[in-house]
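These notes are about the structure you will find just below.
For clarity, every value in this text was computed on a predicted model and none was experimentally measured. All heavy atoms count here, side chains included; hydrogens, waters and symmetry mates do not.
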Protein chains: 4
Amino acid sequence: MDGTHQQRRRGDTRQRIQDVALELFAEQGYEKTSLREIAEHLDVTKAALYYHFKTKEEILVSIFEDLSQPIEDLIEWGGRQPHTLATKQEIVRRYSGALAGAAPLFRFMQENQATIRELRIGEMFKDRTLRLRDILIDPDAELVDQVRCISALFTLHAGMFVMQDVEGDPEAKRKAVLEVATDLVTQAHQGA
Amino acid sequence: MDGTHQQRRRGDTRQRIQDVALELFAEQGYEKTSLREIAEHLDVTKAALYYHFKTKEEILVSIFEDLSQPIEDLIEWGGRQPHTLATKQEIVRRYSGALAGAAPLFRFMQENQATIRELRIGEMFKDRTLRLRDILIDPDAELVDQVRCISALFTLHAGMFVMQDVEGDPEAKRKAVLEVATDLVTQAHQGA
Amino acid sequence: MDGTHQQRRRGDTRQRIQDVALELFAEQGYEKTSLREIAEHLDVTKAALYYHFKTKEEILVSIFEDLSQPIEDLIEWGGRQPHTLATKQEIVRRYSGALAGAAPLFRFMQENQATIRELRIGEMFKDRTLRLRDILIDPDAELVDQVRCISALFTLHAGMFVMQDVEGDPEAKRKAVLEVATDLVTQAHQGA
Amino acid sequence: MDGTHQQRRRGDTRQRIQDVALELFAEQGYEKTSLREIAEHLDVTKAALYYHFKTKEEILVSIFEDLSQPIEDLIEWGGRQPHTLATKQEIVRRYSGALAGAAPLFRFMQENQATIRELRIGEMFKDRTLRLRDILIDPDAELVDQVRCISALFTLHAGMFVMQDVEGDPEAKRKAVLEVATDLVTQAHQGA
DNA sequence: GATGAATGAGTGTTCATTCAT
DNA sequence: GATGAATGAACACTCATTCAT
């Protein structure tokens with residue numbers, strides 16, 4: 001007389017909203033996903049969403065905050081390490097894992113840059129990216145080497161999504177992407 | 001009694017629409033740019049836009065077609081060449097130039113991927129990117145080398161925009177980006 | 001371990017709702033004040049309001065009933081007196097005091113006439129005002145004298161609020177308002 | 001084959017919106033009148049309203065500006081006259097006429113004070129009222145006489161609406177109201 | 001070559017209210 | 001004596017698009 005669909009779901013609506021929203025945001029983009037659509041997928045009314053979140057943007061912010069915490073942690077950790085090659089390689093390695101762990105979010109971020117720029121998470125994301133860059137890049141290095149680091153970052157970010165239509169086992173692809181990124185960072189470090 | 005601002009502009013409204021639209025699309029994104037806004041910037045009515053273009057999407061398509069013709073040409077040319085390293089390097093070199101020549105468009109494309117995917121130019125762009133990839137990538141190459149080529153492409157695409165907040169002369173930066181991309185393609189070619 | 005803010009407040013929530021509601025109604029108007037706002041000011045949930053009052057309107061009605069009882073009493077008293085000038089003057093005098101004693105409520109009533117007209121208290125208030133008028137006005141008097149009485153009433157009502165941006169001691173202003181109202185009623189009585 | 005309802009109405013939509021809006025605003029209040037309601041009365045869509053006015057508030061502002069121009073003119077005229085009793089009496093006389101000429105607007109203003117205070121016309125109206133007061137009131141006069149002038153103003157404003165449920169010919173009532181207001185101003189002037 | 005006027009479908013958001021707990 | 005979760009109806013407003021002139 002218990003454990004029904006309805007009952008089990010009580011209390012987890014907030015989480016379900018985030019799940020569905022991220023799915024739809026990643027699939028269709030932020031602007032093209034309406035709150036009506038999210039609500040319908042969850043079989044609740046639009047107003048229910050507003051019980052759990054103050055605005056549409058806040059849904060996105062909450063998803064971002066929840067899912068990108070590991071990356072925040074990683075950057076903080078990286079900031080406290082010496083700027084050696086080994087550290088940089090380790091950062092890249094861990095970053096690759098962190099990105100894979102929140103793939104839908106990062107796919108969304110990459111494909112909705114124009115939108116995100118105007119949103120609160122735009123600042124947060126930009127800030128994070130810059131801190132990450134400052135760890136990897138030596139400001140006195142040659143321009144080419146700076147580009148190599150940026151390229152490494154981009155390769156990691158974009159890798160997953162673009163590789164989707166390349167044949168092959170996902171984990172193998174991730175490894176390959178990681179290798180290229182590591183190479184780039186290593187070359188950049190030695191370049192100078 | 002002629003040659004005034006008004007008079008000189010007669011006949012070039014279509015072009016002016018494209019210019020303003022691209023500027024706004026690149027700045028704010030496609031969805032967040034309304035036809036009202038475009039019209040106001042041009043000091044004409046929304047209805048005037050519809051004299052020149054059938055839909056909002058068509059404005060974008062026309063911009064894309066006009067500005068990306070050099071790239072279309074490049075890919076066609078590349079397709080007819082032997083798949084040697086020299087060819088690949090030349091492609092990368094020319095591609096870098098072509099991207100720089102239509103920077104606002106490509107910035108727009110990169111920042112509005114989610115939107116573009118649903119639009120006609122999504123197909124066009126994807127198709128082009130795949131043809132370009134097929135020229136650079138040897139399907140029998142190791143996965144890592146395939147990633148290197150993709151990374152080269154991405155470095156070219158993203159390079160310009162991300163590099164904006166790195167200090168240094170724009171042309172120098174473009175050269176650096178080109179060098180990294182060329183390196184990647186070269187390594188990929190030799191890898192096998 | 002007792003007598004804390006929390007503890008002392010137990011049991012007086014109903015009263016606190018009325019206080020906060022009146023304050024907000026008077027400040028922002030009835031329609032622009034939402035139950036969410038009232039609840040937040042009290043640090044309870046909206047649902048709590050519904051434990052104490054059946055509807056938003058009932059909150060207002062209860063405030064009106066509680067605060068305007070002295071006026072109800074006055075009018076009843078007035079109805080039982082002979083319609084002499086002395087009675088009229090006494091009514092005006094007492095009315096002035098009664099209004100001052102529930103100033104926020106009457107400020108609210110005056111500034112939200114359109115809203116109130118559709119509410120239950122609209123009828124109550126109108127009814128009261130008419131009974132009051134019938135005591136002051138001789139139906140056979142000249143039109144001008146009737147107007148004088150109505151004007152006296154209005155002067156009393158509006159006096160307090162409009163006088164706010166006139167310099168001077170509040171009690172002095174009330175006295176002045178009362179004097180003018182008394183004059184008007186007196187002139188009206190003698191006019192015929 | 002012309003002069004139909006549809007045809008004759010083309011071009012006067014803006015005016016019709018103002019008319020219907022004022023009617024509904026005066027009847028039900030500003031907040032309780034929705035744009036849907038206004039649109040339905042006119043047999044157009046809500047969006048059509050937005051072709052003619054930028055916001056709901058702007059509809060109200062435009063009505064206010066159009067209808068209260070005579071009063072603005074009157075106040076300006078009054079500001080240029082010497083502050084004699086005769087001037088004051090003339091102002092009162094003209095003001096009475098001006099109010100009667102835009103009765104629905106002023107009924108609306110009086111019954112929606114709380115709402116108006118937050119709107120742009122709140123400032124405009126308050127500003128006007130103060131300038132009018134400054135013409136009628138001698139700042140060195142006794143407090144009672146100042147009240148008399150304010151009372152005169154209020155009598156004029158409120159007179160019309162409250163008098164609605166007094167029997168008698170409207171013009172006769174207006175005359176009576178005017179007489180009482182003039183008396184008040186005259187007494188105030190001689191008081192000092 | 002362009003405008004004035006309008007539409008239909010949609011958006012995000014807010015509200016008073018309900019009810020099981 | 002109060003909350004957590006939700007609803008249904010409404011709201012002001014915006015959009016791409018149309019079409020007669």
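- With respect to Arg117(A) and Glu111(B), a salt bridge is recorded, a charged nitrogen being found less than 4.0 Å from a carboxylate O.
- The main-chain N or O of Asp19(C) is never found under 3.5 Å from a side-chain atom of Glu23(C) such that the two would form a donor-acceptor pair.
- Residue Asp43(B) is the one, among Asp43(B) and Glu57(A), whose nearest nucleotide of DNA chain E lies closer to the 5' end (criterion: closest heavy atom).
- Near-neighbour residues of DNA chain F inside residues 30-40 of chain A, defined by a heavy atom below 4.0 Å, are absent.
- The distance between atom NZ of Lys54(A) and atom C1' of dA5(F), rounded to the nearest whole Å, is 17 Å.
- For the 3.5 Å distance criterion, the side chains of Ser62(D) and Gln18(D) qualify, holding a donor opposite an acceptor.
- Note on ring orientation: taking the six-membered ring where Trp is involved, the planes of Phe106(B) and Phe125(B) are tilted (angle from 30° to 60°).
- Nucleotide dA2(F) holds its P atom 10 Å from the CG atom of Leu42(C), rounded to whole Å.
- In this structure, the nucleotide among dT3(E), dC15(E), dA2(F) sitting nearest to the side chain of Val44(B) is dT3(E).
- Remark: Glu123(A) CD is loosely packed, at most 12 non-hydrogen atoms of other residues, nucleotides or ligands lying under 6.0 Å away.
- Map Ala48(A) and Thr55(D) each onto its nearest nucleotide of DNA chain F; the residue landing nearer the 5' end is Ala48(A).
- For Lys46(A), counting side-chain heavy atoms from C-beta on, the closest listed nucleotide (dT3(E), dA6(E), dG12(E)) is dG12(E).
- Rounded to whole Å, atom P of dG12(E) lies 15 Å from atom CZ of Phe53(A).
- Taking only side-chain nitrogens and oxygens, Tyr51(A) comes nearer than 4.0 Å to OP1 or OP2 of dA5(F).
- Residue His52(D) places at least one side-chain N or O closer than 4.0 Å to OP1 or OP2 of dA6(E).
- Among the nucleotides dG1(E), dT3(F), dA16(E), the one closest to the side chain of Ala47(C) is dT3(F).
- Distance OH (Tyr50(A)) to P (dT13(E)): 3 Å, rounded to an integer number of Å.
- Counting to the nearest Å, the P atom of dG4(E) and the CD atom of Gln15(D) are 19 Å from each other.
- The CD atom of Gln28(B) sits 15 Å away from the P atom of dT14(F) (whole-angstrom rounding).
- Phe25(D) pairs in a side chain to side chain contact (heavy atoms under 4.5 Å, CB included) with only one of the listed residues (Asn112(D), Ile38(D), Leu105(D)), which is Ile38(D).
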Inset, instruction - Whenever both distances are under 3.5 Å in a Watson-Crick or G-U wobble pair, mark it; put DNA chain E into dot-bracket that way, with [ ] for crossing pairs and | when the partner is on another strand. - result: .||||||||||||||||||||
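- Salt bridge annotation for Glu57(D)-Arg120(D): absent, with no cationic side-chain nitrogen under 4.0 angstrom from a carboxylate oxygen.
- Listed nucleotides: dT17(F), dG1(F), dA6(E). Nearest to the side chain of Thr13(D): dA6(E).
- Atom CG of Leu49(D) is separated from atom P of dG8(E) by 14 Å (rounded to the nearest Å).
- Side-chain atoms of Glu37(C) and Gln28(C) include a donor-acceptor pair closer than 3.5 Å.
- Expressed to the nearest 0.5 Å, how far NZ of Lys126(C) lies from CD of Gln113(C) amounts to 11.5 Å.
- For the pair Arg16(B) CZ and dG1(E) P, the computed distance is 13 Å after rounding to whole Å.
- Judged by the 6.0 Å distance and 45° axis criteria, Lys56(A) is positioned over the aromatic ring of Tyr30(A).
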